[in-house]
Number of protein chains: 2
Amino acid sequence: MSLPDPDWLKQFPALATMPEGERAPLASGAMAMNAPAGTTVYAPGEPCNAFILVISGGVRVYQLDADGNEIVLYRLGPGSICILTTLALLASDAYSAFAITETPVQAMALPVATFNDLMARSAQFRSFVFGAQAARMADLMAVIQNVAFASIESRLAARLLTLAGGGHELSITHQQLAAEIGSAREVVSRQLKAFERRGWVSLGRGRVELRNAAPLRAAAGR
Amino acid sequence: MSLPDPDWLKQFPALATMPEGERAPLASGAMAMNAPAGTTVYAPGEPCNAFILVISGGVRVYQLDADGNEIVLYRLGPGSICILTTLALLASDAYSAFAITETPVQAMALPVATFNDLMARSAQFRSFVFGAQAARMADLMAVIQNVAFASIESRLAARLLTLAGGGHELSITHQQLAAEIGSAREVVSRQLKAFERRGWVSLGRGRVELRNAAPLRAAAGR
DNA sequence: CCAGGCGCGGTGACTTCGTCACAGACCGCT
DNA sequence: AGCGGTCTGTGACGAAGTCACCGCGCCTGG
């Protein structure tokens with residue numbers, strides 16, 4: 001915990017424009033949080049007692065199965081809220097998903113009472129929350145489309161591009177890439193080798209360099 | 001459209017216990033609907049302008065991809081609300097999913113204004129909506145677990161059991177079963193043949209009879 | 001310093017699953 | 001009976017997941 005940055009609301013345009021009266025509980029009830037990378041935000045069975053708004057940093061939400069297989073569902077960045085904790089909070093439902101910070105994260109936490117107060121008070125706040133719900137739902141449906149129907153080649157190419165985010169270098173292991181797309185390490189290794197043979201990437205230990213993004217983008221569309 | 005059954009609220013225990021004052025818009029604003037089997041409830045791009053509460057019948061929500069591949073996401077029964085239309089309504093987001101009635105459906109439709117009124121007025125209504133959100137989110141995560149990591153054998157066995165719902169006979173084609181689990185018809189045909197050889201089911205044109213549920217349940221757990 | 005441990009990547013063999021092409025069986029209709 | 005359409009069966013093949021095992025580089029403790 002630390003002092004809240006008074007400007008944190010700028011990360012949430014939808015909330016910043018709320019009328020003074022509605023916004024009051026946000027200012028008075030929110031607690032600033034700082035978490036290092038690797039902090040667990042949500043895990044099945046763990047109690048969660050706050051509504052979390054991400055100000056800076058990134059959170060990865062993923063599923064694990066009994067055999068240790070992993071698949072990334074979506075990521076939260078600045079301006080996002082953690083729907084998983086929210087739903088767990090309100091519906092006291094247990095999910096088989098995990099949420100973990102990937103980088104140091106600054107966030108604001110609203111106690112349940114404050115959250116309920118805002119939900120009752122502000123249509124704008126409600127629509128902000130619903131918008132976030134809708135976005136996460138769309139994320140999950142995109143994941144389903146991918147794992148059910150898309151080829152490894154296209155899923156891997158697409159993921160490399162989004163993870164690179166405009167840059168040309170990634171620090172990531174084949175195992176981690178496999179977890180990103182819900183596949184196996186060997187499969188990813190072989191596919192990366194194929195990309196390398198075609199000159200699309202070059203590989204190093206724990207490193208993937210994008211050398212030619214155009215054909216990767218083409219492959220991602222298939 | 002038809003006259004609302006005055007007892008329809010009984011299908012929604014969470015709403016029926018709302019205080020008189022909060023419940024008023026439900027009674028005054030809701031419109032009864034009757035739809036035959038095969039009616040489209042939601043499709044991408046179609047405008048939707050009501051919040052839908054299912055009183056009787058069933059709705060199937062599924063995804064299609066460009067090649068015509070299909071996968072069932074979840075089903076809605078009596079007491080459920082259509083989160084898809086709700087989110088599309090509130091977040092004006094486009095989903096790649098379809099919702100269609102499988103049997104004749106009786107439902108109540110709340111205009112957006114009434115829905116917003118209830119959301120503003122009743123904490124109980126809000127928590128009902130959140131509970132439904134949470135349940136659908138859990139459904140989608142279960143689908144992801146299945147398509148990403150579970151074998152065809154276990155997915156098919158599990159689906160046969162839930163579709164039969166305690167009965168021992170299903171009227172369904174192999175193609176439809178494939179769409180249920182997001183696989184291919186040939187794969188389902190071969191797996192069903194294997195089940196038949198083991199004496200777990202017996203097969204007919206458009207028909208699957210469960211002859212021995214115990215090993216199916218065992219296989220579903222793997 | 002270097003020895004072992006460990007994380008990472010590479011590879012071959014095999015199984016499972018999805019795709020394609022096609023054939024045959026069954027159904028309802030005229 | 002003939003016929004078109006739907007449903008199911010099958011073989012061949014490619015794509016993807018699994019298993020077993022290897023070597024390499026890096027790090028760390030003796």
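From a predicted model like this one, the values you see are computed outputs, not experimental measurements. Below, each value reflects all heavy atoms present in this structure, side chains not excepted, and no hydrogens, waters or symmetry copies. Chain A is the first sequence line, chain B the second, and so forth, proteins listed ahead of strands; every chain is numbered from 1.
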Distance criterion of 3.5 Å, no angle test: do you see the side chain of [X] paired donor-to-acceptor with the base of [N]?
| X | N | result |
| --- | --- | --- |
| A:Gln175 | C:dC8 | no |
| B:Arg185 | D:dG9 | yes |
| B:Glu186 | C:dC20 | yes |
| B:Arg190 | C:dT19 | yes |

Of the nucleotides [options], which one has an atom closest to the side chain of [X]?
| X | options | answer |
| --- | --- | --- |
| B:Ser189 | D:dA16, C:dG18, D:dT8 | D:dT8 |
| A:Thr173 | C:dG9, D:dC19, C:dG18 | C:dG9 |
| A:Gln191 | D:dA16, D:dG17, C:dG18 | D:dA16 |

Phosphate-side-chain proximity, B:Lys193 and D:dG9, N/O vs OP1/OP2 below 4.0 Å: yes
A:His174 side-chain N/O to C:dG7 phosphate OP1/OP2 under 4.0 Å: no
Extract from the structure each pairing of a protein N or O with an N or O of nucleotides 28-30 of chain C at less than 3.5 Å, listing the distance.
none

Over 12 non-hydrogen atoms of neighbours within 6.0 angstrom of CZ in A:Arg207: yes
Nearest-0.5 Å distance that lies between atom OG in B:Ser183 and atom CG in B:Asn146: 12.5 Å
Atom pair CD/NE2 of A:Glu180 and A:His174 - distance to nearest 0.5 Å: 13.5 Å
Between the protein and nucleotides 23-26 of chain D, are there any N/O to N/O pairs under 3.5 Å, and if so, what are the atom names and distances?
none

For A:Phe51, the option from A:Leu110, A:Thr85, A:Ile83 that meets side chain to side chain contact (heavy atoms under 4.5 Å, CB included): A:Leu110
